[in-house]
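The residues of the chain are indexed from 1 along the displayed sequence. Computation of the quantities below employed the complete heavy-atom set of this structure, encompassing side-chain atoms and omitting hydrogens, waters and symmetry-equivalent molecules.
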Amino acid sequence: MKKFALLSVLLGLMASPASAGWSDSFRVQSFIPTEQGLLLISATDVNPLGCASNSWLRIDSSDASYALVSATALTAFSQSKSLKVCEHSCNTDGTIHFIAAWVEQ
């Protein structure tokens, strides 16, 4: 059983992007709700993953955290606060796929 658990952890780590993680702080310049999810446009480059877009980020509407993370991002925008996001991968359209966010004080 221990071998199976270790194998599951290793496979999970291998499947996640190597450089995924929390972004630097940025301000949301604007946002666009789409059928795919919520698209954020950053005033600065936010792209440690090397996606085709440097300042366009999207959380997909199919993500489990979509409602909470979208509300967090819109709160940061409405209060002109900086935002940090957990970047997960590059979307097929070149935008940065993020799955978590927090508003900086």
To the nearest 0.5 Å, how far apart are [atom1] in [X] and [atom2] in [Y]?
{"X": "T92", "Y": "H97", "atom1": "OG1", "atom2": "NE2", "value": "11.0 Å"}
{"X": "S82", "Y": "D24", "atom1": "OG", "atom2": "CG", "value": "10.5 Å"}
{"X": "I96", "Y": "S23", "atom1": "CD1", "atom2": "OG", "value": "8.5 Å"}

Validation row: [X], [Y] side chains within 4.5 angstrom (heavy atoms):
{"X": "F77", "Y": "L83", "result": "no"}
{"X": "V69", "Y": "I99", "result": "no"}
{"X": "I59", "Y": "V85", "result": "no"}
{"X": "Q105", "Y": "K81", "result": "yes"}

**OP:** Can you run down the salt bridge (Lys or Arg N to Asp or Glu O under 4.0 Å) pairs that involve residues 59-69, sequence neighbours left out, and say none if there aren't any?
**Re:** R58-D60
Subject >> N/O donor-acceptor pair under 3.5 Å between S42 side chain and V28 backbone >> reply: no
**OP:** Following the transitive rule for hydrophobic clusters with a side-chain heavy-atom cut-off under 4.5 Å over Ile, Leu, Val, Met, Phe, Trp and Tyr, establish whether F26 and L74 coincide in one cluster.
**Re:** yes
**OP:** State yes or no: do V46 and F31 share one hydrophobic cluster built from I, L, V, M, F, W and Y residues joined by side-chain heavy-atom distances below 4.5 Å, directly or via other members?
**Re:** yes
**OP:** Can you see which heavy atom on T72 is nearest to which on A101, and at what distance?
**Re:** CG2-O, 3.7 Å
Subject >> Where S78 and T75 come nearest, the two heavy atoms and their spacing >> reply: OG-O, 3.0 Å
Contacts of [X] that satisfy side chain to side chain donor-acceptor pair (under 3.5 Å) - sequence neighbours left out:
{"X": "Q29", "result": "none"}
{"X": "T95", "result": "N91, D93"}
{"X": "D45", "result": "none"}

Subject >> Results of side chain to side chain contact (heavy atoms under 4.5 Å, CB included) for A100 - residues two or more places apart only >> reply: W22, C86
**OP:** Quick one: name the residues clustered hydrophobically with L39, using the 4.5 Å side-chain heavy-atom rule over I, L, V, M, F, W, Y, and just say none if it's on its own.
**Re:** I32, I41, W56
